[in-house]
Amino acid sequence: IIAGHGTNVSARSIAVLPFDNVGKDTAFDYLADGIANDVRSGLMQLPGLSVKARTSSEAARGKPLHDAGALLKVGVILQGTFRRTADKTTVTVDLVKVADESALWTGTYVMPADGNFTAAQDSITGAVARTLHLSSAAAGSNALAQRGTKDLEAYDLYLKGQYFFAKRGGDNLRRAADYFQRATARDPNFARAYAGHAMVLTVLPGYTQVVGDSVSAEAARLARRALAIDSTLVDGHLALANVLATGGSPVEAEPEFLAVLARDPRNVTGRQWHGDNLAILGQVDEAVREGRMAVDLDPLSAVAGNDLAYELINAGHFDEAVQVAHRALELDATFDGVNVYLGLAFAFTQRSDSAQLTFEHLFRIDSLAPEARAYRVWEFALAGRWTEAERELAATDRTIIGGSRDVDLATAYIALGNKAAALDALERAARARSFYAANTALGCDPTFGPLKSEPRYLAVVKSFGQGICTATAKWPIPTRTKP
């Protein structure tokens, strides 16, 4: 530390904002993000300190400190800058009290360009703990375990993997997988990199045309390899849980989710995915509780809001789902899933006009997306525009190939009252072990209400290891009359 000063404060809530890369080379953005993320992870180990999650902290990037504090509902903010030059790396951090924007502590760290900056991360965590009168023993004792490797190049590759993983999208996820793989090649005992690679593979089918079955075995192998090295690794348990949940084994996924939350109760992704898994198992009230906890931990995450909206719909809390979906859309108006859930929540509260407008908006966002085509059918069916609905259904049918998105096609057929075709589509999805079908609460989603008495439907739900909700909602689409 070149310079540092501090003052006492009783604040117990903090947000670590993304560190700004103030150098000219944006290729080092991943390092600025990585340092901030690891500092955040270290602070999350401190008992008695509430730390805002990554997504919400990133949403406050660039905002005035007072506004960021009010938005995140924290008393203290840690902000920083990162600069890499040819011969050195400089990290400067400020711990600021939101109420009066006074500096509680500042620190500047200078290291060789290719030096070990993890010591700076540990020092920052300790300084924050001391300033806020917290014990830093938990964070300090876990510092090496959090990094997971002494190989600086392997750790650098890992940070690049994390950077691109957080960005999502098919190309970014493939880059992330490559970096994680290179990290484990450098250090074959780097458990965090194995877990990171596994996490990429568990979400890849949701962003690409990759079929879930083609990557699930490798994802499970990587997750188990990570846990063989470190049985306490949260990301290893989380990756394995998601492999099992999305592979049609939600019951087997439960112990892994519970292991995650026992070790890291504030793990937002763990709460989100566990809520999704509980909904799939038919435990909809418990799913809502998990979804609400995830939103509390990460209030500016559109993804957390998206998942909670769906869990509320499965539980029949449609009015609250409307409110949650609206808040999520304020964060990301183009989020396909949230628009679907908002439209469904409107439909099942008999607000047909609002549902139609929402589904029309979804179609305008991405007219080629299977879910947008399927709910375009719903839009017309809600209005009784059957000819247009049939025409859109024919177009949707042509876009669904190979069973992976047949669950969307099933929802379109249901809108037109064609149960037999809907069941055919669901059975194709089951045979294909569709990632999307496995991630849909088929037994509780009110969209599939008209099929609940059908033995074929019950068999599909059972084939995915899912539970069935007995409650039914009033069907929103008018009965079709034949001319």
Side-chain angles (χ1 to χ4, degrees), residues 52-61 71-72 164-173 202-209 242 246 268-269 271-273 275-276 279 287-288 290-314 317-349 351 354-379 399 405 407-408 411 435-436 439-441 445-447:
K52 287 301 175 184
R54 174 176 181 162
T55 306
S56 289
S57 298
E58 288 180 346
R61 185 196 291 265
L71 190 64
L72 297 170
F164 286 104
F165 176 63
K167 287 182 171 293
R168 295 298 199 269
D171 290 341
N172 288 325
L173 289 172
T202 67
V203 303
L204 189 62
Y207 294 89
T208 66
Q209 296 300 313
N242 206 37
T246 59
V268 175
T269 304
R271 293 289 177 190
Q272 286 174 220
W273 289 357
D276 296 343
V288 168
E290 286 285 45
R292 286 177 175 150
M293 289 184 70
V295 169
D296 287 343
L297 288 166
D298 207 356
L300 301 185
S301 168
V303 175
N306 173 79
D307 287 12
L308 176 57
Y310 187 50
E311 285 145 10
L312 289 164
I313 286 171
N314 292 326
H317 303 317
F318 301 116
D319 287 323
E320 186 180 351
V322 169
Q323 298 171 11
V324 170
H326 271 309
R327 288 197 294 270
L329 287 173
E330 288 174 0
L331 299 169
D332 184 355
T334 65
F335 200 139
D336 286 4
V338 182
N339 280 286
V340 169
Y341 302 146
L342 178 60
L344 286 175
F346 278 140
F348 281 99
T349 50
R351 285 177 271 185
S354 295
Q356 292 170 51
L357 288 172
T358 304
F359 291 142
E360 181 184 13
H361 175 66
L362 172 66
F363 187 77
R364 288 178 176 174
I365 293 172
D366 186 357
S367 63
L368 299 179
E371 65 270 24
R373 305 301 296 260
Y375 285 101
R376 182 74 159 173
V377 177
W378 271 65
E379 175 194 339
T399 66
R405 298 301 295 259
V407 67
D408 294 303
T411 64
F435 173 88
Y436 294 95
N439 279 277
T440 300
D445 188 328
T447 305

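Atoms considered below: every heavy atom in the structure, side chains included; atoms not considered: hydrogens, waters and symmetry mates.
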Open item on the list: Does the plane of the ring in Phe359 sit parallel, tilted or perpendicular to the ring in Trp378? Use 30° and 60° as the thresholds.
Closed with: perpendicular
Open item on the list: Does Asp171, at its CG atom, have more than 12 non-hydrogen atoms belonging to other residues, nucleotides or ligands within less than 6.0 Å?
Closed with: no
Task: Side-chain (Thr349) to main-chain (Ala345) donor-acceptor, under 3.5 angstrom - done: yes
Open item on the list: Please verify the inter-ring angle class for Phe346 with His326; under 30° counts as parallel, over 60° as perpendicular, anything in between as tilted.
Closed with: perpendicular
Task: Any donor-acceptor pair under 3.5 Å from Asn314 side chain to Tyr310 backbone - done: yes
Open item on the list: Using only atom types and a distance under 3.5 Å, with no angle test, would you say the side chain of Asn172 pairs donor to acceptor with the backbone of Arg168?
Closed with: yes
Open item on the list: We want to know whether Ser56 and Asp298 form a side-chain donor-acceptor pair, criterion being a heavy-atom distance below 3.5 angstrom.
Closed with: yes
- [ ] Determine, for Tyr375 and Arg373, whether the Lys NZ or Arg CZ falls below 6.0 Å from the six-membered ring centre while staying within 45 degrees of the axis.
- [x] no
TODO: Would you check if Pro370 and Tyr436 make a side-chain contact, meaning some heavy-atom pair closer than 4.5 Å?
DONE: no
- [ ] Please examine the side chains of Phe335 and Val303, heavy atoms only from C-beta on, and report whether any two atoms are closer than 4.5 Å.
- [x] yes
Open item on the list: So does Thr246 get a backbone contact from the side chain of Asn439, meaning a donor-acceptor N/O pair under 3.5 Å?
Closed with: no
Task: Whether over 12 other heavy atoms sit under 6.0 Å from Arg61 CZ - done: yes
